[in-house]
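Here's the structure, in structure tokens; my notes come after.
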Number of protein chains: 2
Amino acid sequence: MAALDRSLVSSMPIFAGLGPQQIDEALADARSVRFPKGSPVFEQGHEATSFFVLLHGHLQVVKLTPAGQQVVVRYVTPGEMFGIAVQMGRPTYPATATAVVDSLALVWPSSAWPDLVSRVPALAASALQTVGSRLNEAHQRVVEMSTEEVERRVAHALLRLVKQAGRKVETGIQIDFPITRQDVAEMTGTTLHTVSRILSAWEDQGLVEGGRQKIVVKDPHRLFALAERG
Amino acid sequence: MAALDRSLVSSMPIFAGLGPQQIDEALADARSVRFPKGSPVFEQGHEATSFFVLLHGHLQVVKLTPAGQQVVVRYVTPGEMFGIAVQMGRPTYPATATAVVDSLALVWPSSAWPDLVSRVPALAASALQTVGSRLNEAHQRVVEMSTEEVERRVAHALLRLVKQAGRKVETGIQIDFPITRQDVAEMTGTTLHTVSRILSAWEDQGLVEGGRQKIVVKDPHRLFALAERG
DNA sequence: GCGCGTTTTTGTCGGGGCTCAAACAACCAG
DNA sequence: CTGGTTGTTTGAGCCCCGACAAAAACGCGC
């Protein structure tokens with residue numbers, strides 16, 4: 001375990017409450033692994049052999065339906081635990097996680113979890129909180145899908161991306177990784193074509209700025225108003 | 001704590017791995033509370049003062065949007081923990097839970113959780129597993145809402161209800177609590193009218209049998225085929 | 001038994017958004 | 001530079017499903 005990792009780790013909210021010794025104990029069974037852009041971290045249906053904490057980069061989590069359609073479940077940002085909720089009891093990963101930029105993650109073997117929790121009990125609470133908050137997000141998504149029309153869903157998705165991975169640039173706030181309109185469509189349960197039309201309309205209104213695999217939100221406040229009220 | 005409760009409790013999968021003494025410790029801070037049909041167990045936005053295990057009955061969990069639309073998030077069946085994921089860190093309930101039949105639940109004050117976990121560590125794992133499995137369900141719901149048309153969503157919702165609360169009757173399997181087409185509509189993100197039409201069509205085909213606040217699935221196998229393939 | 005409210009059924013109509021189709025633009029490898 | 005690949009835009013048509021309306025069926029209280 002490199003010193004670099006340890007300093008990165010201690011800056012993560014998940015490990016915030018832990019002393020240096022506890023951090024060492026937590027890291028005892030972990031490796032840190034690089035995932036180049038485009039490479040899978042784990043794949044839907046494969047045996048759940050590991051759980052993770054993302055140190056750097058961004059991951060896209062995708063579910064594939066039996067009919068072959070893809071749905072983007074979420075994006076993972078640095079500091080988040082993932083692959084943990086899932087594998088308690090379940091033998092296989094329920095989705096595929098792919099690095100959308102070069103990424104770095106801590107990797108524990110699944111078998112290390114019970115031991116880890118007994119040595120660092122705070123981790124159990126941390127995990128429960130992480131999963132609980134993710135459950136809330138998922139339920140919120142269900143509510144959105146049930147009640148809102150496409151344009152507002154796209155607005156909400158964009159705002160979520162800005163919050164998770166917004167980087168200030170000249171003209172506004174840019175999503176900090178390559179993202180296609182197809183991806184946005186798979187996040188919002190619509191089609192590439194509809195997303196393209198909506199973004200074009202917004203660009204005409206000066207709300208956003210498009211580009212190949214690029215979205216810059218120029219006026220987050222107005223986008224928020226669009227998402228909340230009609 | 002009545003003896004009746006203790007025997008009920010020990011039959012719950014959540015407490016299955018625990019010895020009699022551990023069960024007593026777990027129940028030390030709990031009360032058992034009756035909720036008559038129609039009464040709220042907790043309400044969206046209220047302070048999260050308690051967490052629960054349902055012993056008997058059925059609860060409907062509903063989220064209300066700012067615009068006033070209702071979405072049925074899930075139904076709670078006996079043996080399930082609820083109100084737990086939510087309140088780790090979050091101060092208020094994110095949804096409203098209402099008893100759809102006379103129900104009985106164990107109620108712990110939120111403050112008892114840390115102490116409870118330290119005395120019965122297995123509960124932390126149990127909670128994590130519960131929440132994890134619920135997260136999976138929620139993601140599955142998102143995928144359904146994103147990719148499937150209304151009829152298949154209704155079929156899936158019905159199958160879920162049958163699995164959770166199916167009771168064998170003369171002509172098939174009946175949902176074991178009063179449920180309106182409006183409820184089904186709010187589960188599937190559609191309208192009362194569309195649900196009514198779909199159920200009428202299915203009734204003509206001998207798939208289900210309708211009635212006031214009643215649904216009987218006569219041919220679960222064919223319904224399943226409808227849900228999976230087109 | 002009777003009236004009333006709730007739930008369900010059924011019909012018609014219109015529109016949002018998906019499907020199909022075809023250019024167009026940007027990036028990459030060679 | 002050039003051809004191929006990937007991503008984006010735009011148009012036309014149509015269908016599913018939601019909005020509106022109204023009556024019928026059922027249950028409940030009196």
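Numbered from 1 within each chain, the chains take letters A, B, ... in sequence-line order. What you see is a predicted model; the values in this text were computed from it and never measured.
The stretch residues 171-188 of chain B comes close to DNA chain C through T180(B), R181(B), each having a heavy atom under 4.0 Å from the strand.
The shortest distance between side-chain heavy atoms of T147(A) and V143(A) falls below 4.5 Å. With a 4.5 Å cut-off on side-chain heavy atoms, M145(B) and S146(A) count as touching. Contact of the V184(A) side chain with the I215(A) side chain is registered, since non-hydrogen atoms from C-beta on lie closer than 4.5 Å. Between K214(B) and V216(B), some side-chain heavy-atom pair lies under the 4.5 Å cut-off.
Between the side chain of T194(B) and the main chain of T190(B), no donor-acceptor pair closer than 3.5 Å is present.
No option in L158(B), V195(B), L161(B) other than L161(B) meets the side-chain contact (heavy atoms from CB on, under 4.5 Å) test with M187(B).
Nucleic acid contact for L199(A): none, since no nucleic acid atom lies under 4.0 Å from a heavy atom of the residue. Residue contacts shown for S200(A) are limited to sugar-phosphate atoms, with no base heavy atom under 4.0 Å away.
The residues K218(B) and E170(B) are annotated as not salt-bridged, no charged nitrogen and carboxylate oxygen being separated by less than 4.0 angstrom. Taking the charged nitrogens against the carboxylate oxygens, R134(A) and E80(A) do have a contact shorter than 4.0 Å, which makes a salt bridge.
Taking every nucleotide of DNA chain D with any atom under 4.0 Å from a non-hydrogen atom of chain B, the first and last of them, 5' to 3', are dC17(D) to dG27(D).
Applying the side-chain contact (heavy atoms from CB on, under 4.5 Å) criterion to Q182(A), with sequence neighbours excluded, gives T180(A), E186(A), L192(A).
For the residue pair S126(A) / Q129(A), no side-chain donor-acceptor distance below 3.5 Å is found, with atom types taken as modelled. Defined by atom type and a distance below 3.5 Å, a donor-acceptor pair is present between the side-chain atoms of W202(A) and E151(A).
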Side-chain donor-acceptor pairs of residues 51-68 of chain B under 3.5 Å, sequence neighbours excluded:
residue: Q60(B); atom: NE2; partner: Y75(B); partner atom: OH; Å: 2.9
residue: Q60(B); atom: NE2; partner: D183(B); partner atom: OD1; Å: 3.2
residue: K63(B); atom: NZ; partner: Q140(A); partner atom: OE1; Å: 3.4
residue: K63(B); atom: NZ; partner: P94(B); partner atom: O; Å: 3.2
residue: T65(B); atom: OG1; partner: A67(B); partner atom: N; Å: 3.3
residue: T65(B); atom: OG1; partner: G68(B); partner atom: N; Å: 3.3
residue: T65(B); atom: OG1; partner: Q69(B); partner atom: N; Å: 2.9
residue: T65(B); atom: OG1; partner: Q69(B); partner atom: O; Å: 3.3

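Axis deviation across the helix from dG1(C)-dC30(D) to dG30(C)-dC1(D) amounts to 50°, comparing end segments of five pairs, rounded to 10 degrees.
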What does the list of N/O pairs under 3.5 Å between the protein and nucleotides 17-28 of chain C look like, with a distance for each?
residue: dG17(C); atom: OP1; partner: V150(A); partner atom: N; Å: 3.2
residue: dC18(C); atom: OP1; partner: T190(A); partner atom: OG1; Å: 3.4
residue: dC18(C); atom: OP2; partner: T190(A); partner atom: OG1; Å: 2.4
residue: dC18(C); atom: OP2; partner: T194(A); partner atom: OG1; Å: 2.7
residue: dA21(C); atom: N6; partner: H193(A); partner atom: ND1; Å: 3.3

Test side chain to side chain donor-acceptor pair (under 3.5 Å) on T96(A) and E43(A) and set out the steps.
-> CA-CA 4 Å; T96(A) 295; E43(A) 291 189 56; 5.2 Å; no
